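Working notes, structure below.
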Amino acid sequence: MRAIGAALLALIATDAAAETITAAHYIAPTGRYAHGILGDALEWGGLQVSLTDGGARRFHLPRDHVFEDIAPRLVDVTGDGAPEVLVVETDVNRGAALAIYGPEGKITETPHIGQRNRWLAPIGAADLDGDGAVEIAYVDRPHLARVLRVWRFADGRLSEVTQMTGLTNHRIGERHISGGLRDCGAGPEMVLADADWQHVVGVRLTGGQLTRRDIGPFAAAESFARALACE
């Protein structure tokens, strides 16, 4: 009986491992959404995830959606020790949303911005305030509204925590998203630019509120690299 129980536990563990995502990339380039915010006319029609058993799964979007993004991001959002995939998924009529995918497909997403040709630029995901839940941050319309928005994942859903205006992390046509997350010994800090690209800015989430400070002047991409390296 004990041997049967041990075998069953081993089988469950093997099945769980088979469902663990190890990598992700976009597939099916498409020109069906001519926004070009990232400098070209192509977006992505699908997402492929690789699993620990050597298999892969593909998720193809309907024709009125695209992945309008640079690359998928692997982050353990649920806290179970296995990563999920963060992506920018755009409805061609309602603009971008931030979505979370697991091995079985989409788990949840933020609301779409609400208008065609409106985009968001992810910053990253971490437990930003030490409450045990993962927060996900992005800049809503980094070329227009320039609003930092922070969402919390809990119970399979995303809920907005707070937001702050006057910040950005992308310029039209760039193939990269600037800044990101750092921890220089005092907990996670978001690194962005101010709205005029004059300063590199650090932003923390504490008690449900955002606070910002200038890290230093902005002088090309090296400014972000130094800030992220805590120099």
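FYI, the numbering just counts along the sequence from 1. Computed from a prediction, not measured in an experiment: that's the story for all the values here.
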* Measure the spacing between CG of Leu192 and CZ of Phe224 and express it to the nearest 0.5 Å. => 7.5 Å

* Asked: Going from CD1 on Ile37 to CZ on Arg141, what distance comes out if it is rounded to the nearest 0.5 angstrom?
  -> 12.5 Å

* To do: Could you tell me whether the side chain of Asn169 and the main chain of Gly179 form a donor-acceptor pair under 3.5 Å?
  => no

* Within a strict 4.5 Å, meaning less than it, do heavy atoms of the His35 and Val66 side chains meet? -> no

* Whether Asp183 side chain and Gly187 backbone form a donor-acceptor pair below 3.5 Å -> yes

Scan the side chains in residues 114-123 for donor-acceptor partners under 3.5 Å anywhere in the protein, sequence neighbours excluded, and list what turns up.
from: Arg116; atom 1: NH1; to: Val92; atom 2: O; distance (Å): 2.7
from: Asn117; atom 1: OD1; to: Tyr33; atom 2: OH; distance (Å): 3.3
from: Trp119; atom 1: NE1; to: Glu68; atom 2: O; distance (Å): 2.9

* Side chain of Glu84, backbone of Val77: donor and acceptor closer than 3.5 Å? -> yes

* To do: Indicate yes or no: does Glu43 engage Arg32 in a salt bridge with an N to O separation below 4.0 Å.
  => no

* Taking only residues two or more places apart in sequence, or in another chain, which ones meet Asp40 in a salt bridge (Lys or Arg N to Asp or Glu O under 4.0 Å)? -> Arg175

* Excluding sequence neighbours, so at least two apart, what forms salt bridge (Lys or Arg N to Asp or Glu O under 4.0 Å) with Arg146? -> none

* Asked: When rounded to the nearest 0.5 angstrom, what distance separates OG1 in Thr90 from CG in Leu98?
  -> 10.5 Å

* Roughly how far apart are Leu61 CG and Arg63 CZ, rounded to 0.5 Å? -> 11.5 Å

* **Check: Arg149 side chain, Ala137 main-chain N or O, donor-acceptor pair, under 3.5 Å** => no

* Taking only residues at least two apart or on different chains, which pairs with a member in residues 165-217 satisfy disulfide (SG to SG under 2.5 Å)? -> Cys184-Cys230

* To do: Write out all pairs satisfying salt bridge (Lys or Arg N to Asp or Glu O under 4.0 Å) with one or both partners inside residues 208-231, taking only residues at least two apart or from two chains.
  => Glu189-Arg213

* To do: Applying side-chain hydrogen bond (donor to acceptor under 3.5 Å, both in side chains), name anything that partners Arg157, two or more places apart in sequence or on another chain.
  => none

